[in-house]
Undergrad: 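This is the structure I want to talk about, given as structure tokens.
Chain A is the first sequence line, chain B the second, and so forth, proteins listed ahead of strands; every chain is numbered from 1.
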There are 2 protein chains.
Amino acid sequence: MPRAATTLDPFNAIAEPKRREVLDALAKASAAGNPEVPVNDLVNLLQWPQPQVSKHLAVLREVGIVAVRRRGRERLYSIDGEGLKSIHDWTAMFDRFWTHNLDRIKRHAEAAARAAASGPAPLPVHPLLNIPSPRSPRTPEH
Amino acid sequence: MPRAATTLDPFNAIAEPKRREVLDALAKASAAGNPEVPVNDLVNLLQWPQPQVSKHLAVLREVGIVAVRRRGRERLYSIDGEGLKSIHDWTAMFDRFWTHNLDRIKRHAEAAARAAASGPAPLPVHPLLNIPSPRSPRTPEH
DNA sequence: TTGACATATTCCCATTACGGCATATATTAA
DNA sequence: TTAATATATGCCGTAATGGGAATATGTCAA
């Protein structure tokens with residue numbers, strides 16, 4: 001089974017760096033007062049071939065990150081926040097792994113100081129992980 | 001040029017759904033008091049073949065989402081928040097696209113009511129986009 | 001109708017990922 | 001040393017990508 005399709009979900013859609021550039025451009029235009037941007041404006045902004053822009057927009061639209069509206073022969077694209085919100089929400093579940101970093105680094109420094117007072121310690125693999133942890137049971141909960 | 005490498009950045013790494021499952025399992029273990037989890041525990045938790053677990057962990061480690069420490073013949077994996085924080089921060093730049101949804105929907109409803117008072121309007125493509133926007137200049141800022 | 005304009009779609013290709021299976025490496029135990 | 005345990009790595013086949021170029025589709029203008 002190969003890699004998941006880029007149109008599977010917003011996570012796969014924004015994995016492509018160029019697609020994030022498209023979203024950045026749309027956000028900038030929105031901040032400048034143009035929440036809806038025709039494809040040609042994006043082509044001029046990004047300086048990419050038009051088919052490339054259209055293809056990336058199609059992927060973003062399929063996963064619900066952008067929305068489209070027709071105006072004459074143009075198609076106006078805009079950001080639909082719901083798609084990105086799902087990613088924001090998922091990553092938010094891990095915020096304690098970076099919010100409490102200062103505390104953890106401080107505790108690590110204290111532990112290192114205590115270890116240095118008694119004897120030379122083996123060099124830590126990662127500062128954030130040098131917290132002595134109780135041996136986990138071989139068969140955890142599930 | 002094919003798709004970007006999964007080890008290019010955290011965005012590509014978490015695009016794979018199974019990799020997000022691994023992170024969820026690590027987060028759950030951490031919440032249960034085991035911030036560091038041996039590979040075998042993850043194998044038992046997820047019920048996947050061991051090589052598959054190791055490979056996914058390798059990708060997550062390469063982009064800095066997880067960290068490893070050796071303890072005897074085991075390798076203890078833990079979440080390194082910095083990698084996920086970069087994603088959280090990027091999506092946060094778009095928070096106004098979902099935070100102000102209520103305002104936008106309300107304004108849209110008012111606009112629709114005004115339009116209905118004068119005559120039948122073309123059915124909206126997307127409720128959030130039905131805000132009448134000034135025609136954007138053909139050559140925007142950049 | 002014909003042409004210009006705006007955008008989407010199709011085809012081709014080189015590259016890469018994922019899963020399965022087998023095997024290599026490293027560490028502890030006997 | 002040899003065996004057992006814990007984990008990583010290599011190889012394979014299948015599937016899908018993103019870019020380029022050409023072309024199709026749809027809309028407005030003359």
Side-chain angles (χ1 to χ4, degrees), chain A residues 1-9 11-22 36-63 66-78 122 125 135-140, chain B residues 1-9 11-22 36-63 66-78 122 125 135-140:
Chain A
M1 210 173 281
R3 207 198 298 217
T6 55
T7 54
L8 177 66
D9 54 40
F11 288 93
N12 281 275
I14 68 157
E16 174 64 28
K18 300 239 172 191
R19 235 122 52 195
R20 295 202 295 277
E21 285 189 57
V22 171
E36 297 180 296
V37 185
V39 177
N40 237 355
D41 285 10
L42 291 171
V43 169
N44 292 328
L45 275 171
L46 300 166
Q47 297 280 63
W48 301 344
Q50 174 265 316
Q52 196 171 346
V53 175
S54 284
K55 283 179 192 171
H56 283 311
L57 286 170
V59 173
L60 293 172
R61 178 171 46 80
E62 264 196 79
V63 299
V66 301
V68 211
R69 187 170 71 89
R70 307 178 66 145
R71 184 179 63 188
R73 46 186 158 184
E74 300 177 306
R75 309 236 178 155
L76 306 180
Y77 282 85
S78 58
V125 177
R135 201 155 196 302
S136 61
R138 226 79 310 256
T139 314
Chain B
M1 209 173 282
R3 205 200 298 219
T6 55
T7 53
L8 176 66
D9 52 41
F11 288 93
N12 281 275
I14 67 158
E16 174 63 29
K18 300 238 172 191
R19 234 121 54 194
R20 295 201 295 277
E21 285 190 57
V22 171
E36 296 180 296
V37 184
V39 177
N40 238 354
D41 285 10
L42 292 170
V43 169
N44 292 328
L45 275 171
L46 300 166
Q47 296 281 62
W48 301 344
Q50 173 265 316
Q52 196 171 348
V53 176
S54 285
K55 282 177 190 173
H56 283 312
L57 286 170
V59 173
L60 294 172
R61 179 172 44 81
E62 264 196 79
V63 299
V66 301
V68 211
R69 187 170 71 89
R70 307 180 64 145
R71 184 179 63 188
R73 47 187 158 184
E74 300 176 308
R75 308 234 178 157
L76 306 180
Y77 283 85
S78 59
V125 178
R135 198 150 198 304
S136 60
R138 228 74 316 249
T139 313

Undergrad: Within this structure, what is the CH2-to-C1' distance between Trp48(A) and dA21(D), rounded to whole angstrom?
TA: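 Going from CH2 in Trp48(A) over to C1' in dA21(D) covers 18 Å.
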Undergrad: Under 4.5 Å between any side-chain heavy atoms of Tyr77(A) and Val53(A), yes or no?
TA: no
Undergrad: What's the separation between atom CZ in Arg3(B) and atom OG1 in Thr6(A), rounded to the nearest 0.5 Å?
TA: 6.0 Å
Undergrad: Would the distance check show the side chain of Asp9(B) and the main-chain N or O of Asn12(B) forming a donor-acceptor pair, the cut-off being under 3.5 Å?
TA: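 Judged by distance alone, yes, a pair lies under 3.5 Å.
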Undergrad: Looking at every strand, decide which applies to Pro49(A) at a 4.0 Å heavy-atom threshold: base, sugar-phosphate, or nothing.
TA: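 The answer is sugar-phosphate, as Pro49(A) gets under 4.0 Å only of primed atoms, P, OP1 or OP2.
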Undergrad: Nearest whole angstrom, please: distance from the C1' of dG18(D) to the CG of Asn12(A).
TA: 14 Å
Undergrad: Among the candidates dG19(C), dT7(D), dT7(C), find the nucleotide nearest to the side-chain atoms of Glu74(B).
TA: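 Closest of the options to the side chain of Glu74(B): dT7(D).
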Undergrad: Check whether any side-chain N or O of Asn40(B) sits under 4.0 Å from OP1 or OP2 of dT7(D), and answer yes or no.
TA: yes
Undergrad: Using heavy-atom distances to pick each residue's nearest nucleotide on DNA chain D, tell me which of Pro2(A) and Glu16(A) is more 5'.
TA: Pro2(A)
Undergrad: Rounded to the nearest 0.5 Å, how far does CG of Leu42(A) lie from CD of Gln52(A)?
TA: 12.5 Å
Undergrad: Between Val59(B) and Ala58(A), who's closer to the 5' end of DNA chain C by nearest nucleotide?
TA: Ala58(A)
Undergrad: Measure the distance from CZ on Arg3(B) to P on dA16(D) and round it to the nearest whole Å.
TA: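 It is 10 Å, rounded to the nearest whole Å.
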Undergrad: Nearest whole Å is fine: how far is dG19(C) C1' from Glu21(B) CD?
TA: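 Rounded to whole Å, this separation is 15 Å.
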Undergrad: With distance as the sole criterion, do the side chain of Gln50(B) and the base of dA6(D) form a donor-acceptor contact below 3.5 Å?
TA: no
Undergrad: Rounded to whole Å, how long is the line connecting atom CE of Met1(A) with atom C1' of dT16(C)?
TA: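 Met1(A) atom CE is separated from dT16(C) atom C1' by 17 Å.
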Undergrad: Is any side-chain heavy atom of Arg19(B) closer than 4.5 Å to a side-chain heavy atom of Ile14(B)?
TA: no
Undergrad: Counting the atoms with a prime plus P, OP1 and OP2 as sugar-phosphate, which does Arg61(B) contact under 4.0 Å by heavy atoms, base, sugar-phosphate, or nothing?
TA: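 Arg61(B): no heavy atom of the nucleic acid under 4.0 Å.
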Undergrad: Please state whether the phosphate of dG19(C), meaning OP1 or OP2, lies under 4.0 angstrom from any side-chain nitrogen or oxygen of His56(B).
TA: yes
Undergrad: Can you tell me the distance, in whole Å, between the NZ atom of Lys18(A) and the C1' atom of dG20(D)?
TA: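 So the two atoms are 12 Å apart, to the nearest Å.
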Undergrad: Tell me whether the OP1 or OP2 atom of dT17(D) has a side-chain N or O from Thr6(A) closer than 4.0 Å.
TA: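 Yes, Thr6(A) has a side-chain N/O under 4.0 Å of OP1/OP2 on dT17(D).
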Undergrad: Reckon Gln52(B) has a side-chain N or O less than 4.0 Å from the OP1 or OP2 of dC18(C)?
TA: no
Undergrad: Of the nucleotides dG19(D), dT9(C), dA8(D), which one has an atom closest to the side chain of Arg75(B)?
TA: dA8(D)
Undergrad: Before you tell me yes or no, could you show the steps for Arg71(A) and Glu36(A) under side chain to side chain contact (heavy atoms under 4.5 Å, CB included), namely the whole-Å CA-CA distance, both residues' side-chain angles and the distance that decides it to 0.1 Å?
TA: CA-CA 11 Å; Arg71(A) 184 179 63 188; Glu36(A) 297 180 296; over 6 Å; no
Undergrad: What does the list of N/O pairs under 3.5 Å between the protein and nucleotides 27-30 of chain C look like, with a distance for each?
TA:
from    : atom 1 : to       : atom 2 : distance (Å)
dT27(C) : OP1    : Arg70(B) : NH2    : 3.2

Undergrad: How many Å lie between CG on Asn44(B) and C1' on dT7(D), as a whole number?
TA: 14 Å
Undergrad: In whole angstrom, give the distance that lies between atom CG of Leu60(A) and atom P of dG18(D).
TA: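 From Leu60(A) CG to dG18(D) P: 10 Å.
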Undergrad: Is the phosphate of dA8(C) approached by Tyr77(A) (side-chain N or O, under 4.0 Å from OP1 or OP2)?
TA: yes
Undergrad: Between His56(B) and Glu21(B), is there a side-chain heavy-atom distance shorter than 4.5 Å?
TA: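 Result no, sub-4.5 Å side-chain heavy-atom pair not found.
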Undergrad: Describe the nucleic acid contact of Ala4(B) in one word from base, sugar-phosphate, nothing, applying a heavy-atom distance below 4.0 Å.
TA: nothing
Undergrad: Ala5(B) side chain: which of dT17(D), dA17(C), dA8(D) is closest?
TA: dA17(C)
Undergrad: Can a donor-acceptor pair be found, under 3.5 Å and without considering hydrogens, that links the side chain of Arg69(B) to the backbone of Arg75(B)?
TA: no
Undergrad: Would you kindly check whether a donor in the side chain of Lys55(B) faces an acceptor in the base of dT7(D), or vice versa, at under 3.5 angstrom?
TA: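 Such a pair does not exist between side chain and base.
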